[in-house]
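So the structure is just underneath, and the comments pick up after that.
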Amino acid sequence: MYRLSARSISRLKGTRPTGTVLSRSLSELYFNKLPKAPPPIPKRPSTIPEPRDRTPIHNVKSRQPIEHISQEKVIDDSDAKRSADEYTRNLHAHLWGSDETWLRFSRLPRDSHRFMRDIDFNRTLALLRGSEKSARNGGAGAPTAQTMTRMLAVYGAATDAGCVPDRYTYQEMIAINVALMDFKHAREWMSRMLLRGIRPTIRPYRTLLKGYSKVPSEIENARQLWLEIKQKVADGQFVAGKSKTELANAIDIKTYTCIVAAECKAGNFARTLELLDEMSQAGMEPDLAIRNVILDGVVSHNGLDAGLEEVKLIKESGLNPDGYTFSILLDAALKENRLDELKRLLAISASQGFMPSTKLVRSLPLDPIETVDILAKRGALDTARVYNTLIRAAMQNNEFKRVLQLIDHMRKQNVAPNVVTYGMLLDTLNKAGRLEQAKAVFAELISKQKIKPDTHIFSIMVDACGRAGDIRSMFEYKNMMAEHGIPPGEYIYNSVLSALSRQSKVDLNTLESTVEELVNVQPPVRPTIRTFNSIFAAFASHARNHGLTENQLRFLRTWYYNSSDRYYVVRDAYSYALVLEAFTATKQLKDALDIYGDMLKQSENDATVLRAFTGAPGHFIGLLQLCNEQQRFEDTLRLWRDWRTYCSYVPEPAVRNVLFACDQMGHTGVARDIVQGLLTPTTPTFSPQSIGDGTLALYVGLLVKHGVITDIIPVLELWRTSALPSLTLSSEDADVESLANAPRLPTSSKAACAERRLSEDAVHSIVKLLLQSSHEDASKTTDEVLAFVGQHFPDALPT
């Protein structure tokens, strides 16, 4: 058996310490000699709420999860009605974006829902989906799975409040499912509507048919739905809609367009001709939209030549090709690499006043000067517009030399640049890192009064100076806007705040005054998520390097809560991480835990927030360490449980923090469960890479301190073998079946845990704690540890 030399024993053992010294020794293993915590203090109330049941609420009929909305307690009827009246009054007076609609609705007390009408719920659904163009521009964007979840929550609230869904309710639910290509659930919602005895308009059927038409594999479902539509029209089961084309007893041309598109997408042109005959018999002639749909299908299946023949038929029917017609033909010519035909089509489209899209121009295999000659020589297109399109295409391809070449050619041809041209020139120079040249161009533009600069021109210069760190010039351009009678908008303020937040030494006074100006400017500027994240990033940087005063902390708190309470901006993972970092760096534990709680609450509705947050665990580790520093060990354990619930990856510093908390609370059983769970392959929490030799030494120190010495050798053996399954067994040691059934490590864990290494420092720390222990089995366990190390990790034996 290996034994230490007398000199080593005297150096390690020293004077036998008391329990207090053992506590300090364990603390020394924890993160660079963290100071010893004082004796346990009375438990104080936790700032993190007790874990709630996070099981999603389900609508029994829909089988789709419904979000939590408001968990407020019952309030008086008068207060509930007042809340409902205020919400519905604003709901019908404004076109909110999707996020603002959801934030406003989710804060309504549940009791107020029964004072809302079905029309109120239906408008809420419409704004969430972004079905109105103005609402879409206000922030709805393309529908996502989160949009679906929110709409299901509103639908559930409406039914719980006793509102009976009508055709418009189901119309919105069908539309969101179709937008997400979830045709199965769209059909389920349609069936539910019919089971309620609701007579629909043709719109939801047309919506579903349009969705089918985009997917060639859904052609059979499209045909079946088309037969259903025809049968319902014959039986008089539709009602007239709000649109003049949505008749109760006839199929409108938009619906015909959808089925024609489905058949053309599948290449069934014989059936397409039959549909055109049906339209003629119904007194409808195919319009250009239908003919373009057919042309697209013909070109996709039969090529450009067939498409050109189809265009001849379009002209013979008395219709004139439009820009979309030419874009179909030009795309086909590009795909078939028919350069001569491409030039001919470009010339024809230009002669008829149709400018190809920037996307198509980007793909043209032509010299830009040649393209200018083709498009501009007929005189039907504005020459400056032609140049601008080519310049924009070159910018999107990051071809900055070509941009300058086009602008030079433009000047040689005596084509006067307009404000769009100058905007792209300045943008190009700034992206190429030529800020001083951009300033010279801007100065020439102002001095010679060639054009009147607009908001976009100033935005480019403000943003470019900010990104280059030229804060003085940035404010000069911003202040110059007032001289030209141009109010700074959202983009200007966001650029300024973003630039200030990136400074190595953030000037919070300047930032706060800019924010104050943003609040009071006329016309009003509405902050966005970029505005708030720039503010939060500035405060996080300042807190990390210089701390924050009480006034600055108060400012940060105010704007954190203003983001959702006043401006109805949905925070993202970056928002939470920045604010959490600021409060953690300034030791504001209560604020930090409140932010963390808000993030968990939002993650119930938006899983991407927590997923992004756990992807960078540094902020979580900082929060754990702050809890330990302020002796909030119960909060440390609760945070740990949350992390294990939401994330399979466990960073090693987090394990060290939670083991330290277990030590200070005397929870040896909890510590044992954590370590064994991380090291045992058969457990769902298996994560051996989360316990390195330093963390192992910390855990052994905890066992020594609390007199659980008999667990030391088993945990050492478990730690050593935790990475062996499926990695170190050979065909000589196990048969194929046992290898197949052996626990497998995650891919990310294999490289880290394929071979355990125990350092001499870790062994030194373990032996030192054992020699200092007063436990009766300490000496025996010391010999066993040294024997274990000598057998498996001989290089780690102390010298």
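FYI, the numbering just counts along the sequence from 1.
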All pairs passing salt bridge (charged side-chain N to carboxylate O under 4.0 Å, His left out) where residues 670-693 contributes a residue, at least two apart: R672-D711
Salt bridge (charged side-chain N to carboxylate O under 4.0 Å, His left out) contacts touching residues 548-563 (sequence neighbours left out): E550-R557, R557-D591
Looking at side-chain heavy atoms only, is the closest gap between [X] and [Y] below 4.5 Å?
X    : Y    : result
P651 : W643 : yes
Y649 : P617 : yes
T149 : D606 : no
F532 : P527 : yes

To the nearest 0.5 Å, how far apart are [atom1] in [X] and [atom2] in [Y]?
X    : Y    : atom1 : atom2 : result
H792 : R756 : NE2   : CZ    : 13.5 Å
R656 : T695 : CZ    : OG1   : 4.0 Å
I766 : L771 : CD1   : CG    : 12.0 Å
L108 : L103 : CG    : CG    : 11.5 Å
D99  : T147 : CG    : OG1   : 8.5 Å
M665 : D663 : CE    : CG    : 11.0 Å

Nearest atoms (heavy-atom pairs only) where [X] meets [Y]:
X    : Y    : result
A540 : L578 : CB-O, 3.5 Å
L786 : L797 : O-CD2, 3.8 Å
L548 : Q552 : CA-OE1, 3.3 Å
L511 : L500 : CA-CD1, 3.8 Å
H185 : D182 : ND1-OD2, 2.8 Å
H542 : G547 : ND1-O, 2.8 Å

Any donor-acceptor N or O pair under 3.5 Å, side chains T645, D642: no
R150 versus S106, side-chain donor and acceptor atoms under 3.5 Å: no
Cation-aromatic face contact R571/Y560, 6.0 Å, 45 degrees: yes
Between [X] (side chain only) and [Y] (backbone N and O only), is there a donor and an acceptor less than 3.5 Å apart?
X    : Y    : value
Q602 : V609 : no
S722 : L679 : no
T584 : E581 : no
T782 : A778 : yes
W640 : V655 : no
Q146 : T144 : no
S498 : S495 : no

Ionic contact status for D565 with R107, cut-off 4.0 Å: yes
Residues R638 and D635 bridged, charged N to O under 4.0 Å: yes
Using the side-chain contact (heavy atoms from CB on, under 4.5 Å) definition, which of the options [options] pairs with [X]?
X    : options                : value
L702 : T668, V675, V708       : T668
T636 : L626, N628, L623, L659 : N628
M599 : V579, L610, D594       : L610

Pairing residues for F539 by the ring-ring contact (aromatic ring centres under 6.0 Å, His included) criterion, not counting sequence neighbours: F555
Worked verdict on Q630 versus K587 for side chain to side chain contact (heavy atoms under 4.5 Å, CB included): CA-CA 9 Å; Q630 299 195 10; K587 312 300 182 185; 3.8 Å; yes
Candidate pair V650 and I691, rule side chain to side chain contact (heavy atoms under 4.5 Å, CB included), full reasoning: CA-CA 9 Å; V650 182; I691 299 184; over 6 Å; no
